[in-house]
Amino acid sequence: MSARRPRWLRRLGTWVGDHRRAATDTLDRLIRAPLATLMTVAAIAIALALPATLLAITDNLERLAGDWRRGAALSLFLAPGLDEAAGGRLAAALRTRIDIGRVDLVSRAAGLAELREYSGLGGALDQLPDNPLPVVLAVYPAPDLTAEADVDALLTGLAALPGVDFAQADAQWVKRLQAILSLLREGTWLLGGMLALGVVLVVGNTIRLEIENRRDEILVMDLVGATGAFIRRPFLYAGAWYGLLGGILAWALVDTAVWLLQRPVDRVAALYEAQLRLIGLDLHQSVALLGLGTLLGMVGSRIAVGRHLKRLRPV
Amino acid sequence: MIEFEHVSKRYPERGDALKDLSFRLDAGEMAFLTGHSGAGKSTLLKLIGLLERPSRGSVRVGGDDLARLPRRRIPAHRRRIGMVFQDHRLLAERSVFDNVALPLVSAGMHRQEIGKRVRAALDQVGLLKLERALPLTLSSGEQQRVGIARAVVGRPEVILADEPTGNLDPDLSREIFRLFERFVEVGVSLLIATHDLDLIQSLGHRTLVLKQGRLVADAIPRPPTPEPEPEPEPEPAP
């Protein structure tokens, strides 16, 4: 039946078969030396899991900060001369806008009461001849207004309205947190880059030892006319397997870390009467982690193979 | 098939291994290459297999000037040549079958075809029953025959053998050489380096003699029986 198939198809079949055999033979070889394989895989996994965990934590905190920020009101401090009636008219006008969800009016008296309660200035405030506070409108952006830039634009627009003295986002501290998080994210990438280099070196060194161990075999293959690609192939697959297995173990480590962190996070969240569900790597990130591991493994072995095979085959 | 023209090979650390060597070996011709250790036998074989390149002169195999062969075509060149070594160079972890199949596997041949050819080669050397054995479980003579099967499995145009009987007793050596002679019949060129002078004389093939890197003799030795000294034992008269 194979004689009927066109020649190129048979060649392709042979090529695929060769690769499949190289891949499975190499995996067999790794499994037959489980301890050595595990050590290499664990080193790769730790190097990948560290930045991945940091990224997962940063992601969770950013998500949380975003929620806080979206939930937070913009405070409009009206001009000192305006009374509650004028504030009410402005609030009614604002409520008709689509980029605004809810508007609460905080009367001057209510503002003073709140200040007395939370500031601890109680007695001192009583000394004031009259209420110095302006009318305040608490403006909540529309729920679908999530982009930070849109919220910022809304804030600027509100500040410019006639009768508004100044506008302020209550969640200013969240914004600072977000800045810190983005710094953390960039640092994680930098750390990740260094650790990726570490993975390449670990795989490269392992493959170098493997080449030394199989020196005789390589020399014989060279003598009987094996091409460079054929000789390199098992080593490249070994690198890819190391990387992939390292990626899988790293993924498990990240998920374990997130699971372990959930408990302390629950305790903190309870203090703030909040619910915070930590999320591990999503599908996209998981695939990226495994792919990156495989790629780094292949790069490491390609470098080692290129350097050391050339030494064995001088002509 | 093989053509050497004024070939010299100089190693930086050892000096001249071959000096101004010229000869040709035709298709279907078998020749022995002999001389003391260090006379340049192995170097000569290495030049043909492109394990080394000459310092001067040209080596042609099947009409191709090896000096013009780029690096990437060396594997294909080596597949035209079957090499047999004194120490067999078998892979200890792989079965006899896998060892013999190696040249075909690395050439990307189809699996069914590989099976057919490997069994044919093992049949030729009389080891068909041992295809699943590991090389180290075989005797030295059997290992050498596996090496020969590996050398011929790719149907090479040239077979080079470097002291193929160095570790074998005379009977086994003779058996191995008989095996080689059968390949000549199908048009393969054979060049066999050996210092087994008795055997060379008894077989009566062309013999190239190297001395300190120079070709000092190229002749067919006289037929084996009429030796200068008369045989002491009484031979039954025909």
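Per chain, numbering begins at 1; letters A, B, ... match sequence-line order.
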Trainee: If I measure from the heavy atoms of chain B, does A:R21 come under 4.5 Å with its side chain, its backbone, both, or neither?
Mentor: side chain

Trainee: Among B:I81, B:N99, B:L91, which has the most heavy-atom pairs under 4.5 Å with chain A?
Mentor: B:L91

Trainee: Can you say whether B:R111 sits under 4.5 Å from chain A via the side chain, the backbone, both, or neither, judging by heavy atoms?
Mentor: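 B:R111 touches chain A through side-chain heavy atoms alone.
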
Trainee: Please evaluate residues B:R79 and A:T227 with respect to the criterion side-chain contact (heavy atoms from CB on, under 4.5 Å), reporting the C-alpha separation (whole Å), side-chain torsions for both, the decisive distance (0.1 Å), and the verdict.
Mentor: CA-CA 10 Å; B:R79 275 184 241 130; A:T227 58; 3.3 Å; yes

Trainee: Where on B:R80 is there a heavy atom nearer than 4.5 Å to chain A: the side chain, the backbone, both, or neither?
Mentor: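 Neither part; nothing is under 4.5 Å.
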
Trainee: Heavy-atom count check: over 12 atoms from other residues, nucleotides or ligands less than 6.0 Å from B:H36 NE2?
Mentor: no

Trainee: Check this for me: B:H195, atom NE2, are more than 12 non-hydrogen atoms of other residues, nucleotides or ligands nearer than 6.0 Å?
Mentor: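 No, the 6.0 Å shell around NE2 holds no more than 12 heavy atoms from other groups.
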
Trainee: May I ask you to say whether B:R78 pairs ionically with A:D222, meaning some side-chain N is under 4.0 Å from a carboxylate O?
Mentor: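 Between A:D222 and B:R78 there is a salt bridge, with a charged N closer than 4.0 Å to a carboxylate O.
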
Trainee: Under the side-chain contact (heavy atoms from CB on, under 4.5 Å) rule, what do A:V220 and B:L90 come out as? Steps first, then yes or no, please.
Mentor: CA-CA 8 Å; A:V220 169; B:L90 301 177; over 6 Å; no

Trainee: Measure distances from B:R72 to the heavy atoms of chain A and classify the residue's part below 4.5 Å as side chain, backbone, both or neither.
Mentor: neither

Trainee: Are B:E93 and A:R29 close enough, and set up right, to give a side-chain contact (heavy atoms from CB on, under 4.5 Å), and what steps lead you there?
Mentor: CA-CA 12 Å; B:E93 295 176 4; A:R29 203 176 269 275; 4.0 Å; yes

Trainee: Are the side chains of A:D18 and B:M109 in touch, meaning some heavy atoms are under 4.5 Å apart?
Mentor: no

Trainee: Does A:Q262 have more than 12 heavy atoms from other residues, nucleotides or ligands lying within 6.0 Å of its CD?
Mentor: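 Count over threshold, so yes.
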
Trainee: Rounded to the nearest 0.5 Å, what separation is found between the CZ atom of B:R94 and the CD atom of A:E217?
Mentor: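 The CD atom of A:E217 is 4.5 Å from CZ of B:R94, to the nearest 0.5 Å.
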
Trainee: First locate atom CE of B:M83, then atom CG of A:L223, and finally report the distance between them rounded to the nearest 0.5 Å.
Mentor: 5.0 Å

Trainee: Indicate the atoms forming the closest heavy-atom contact of B:S106 with A:A226, along with that distance.
Mentor: CB-CB, 3.4 Å

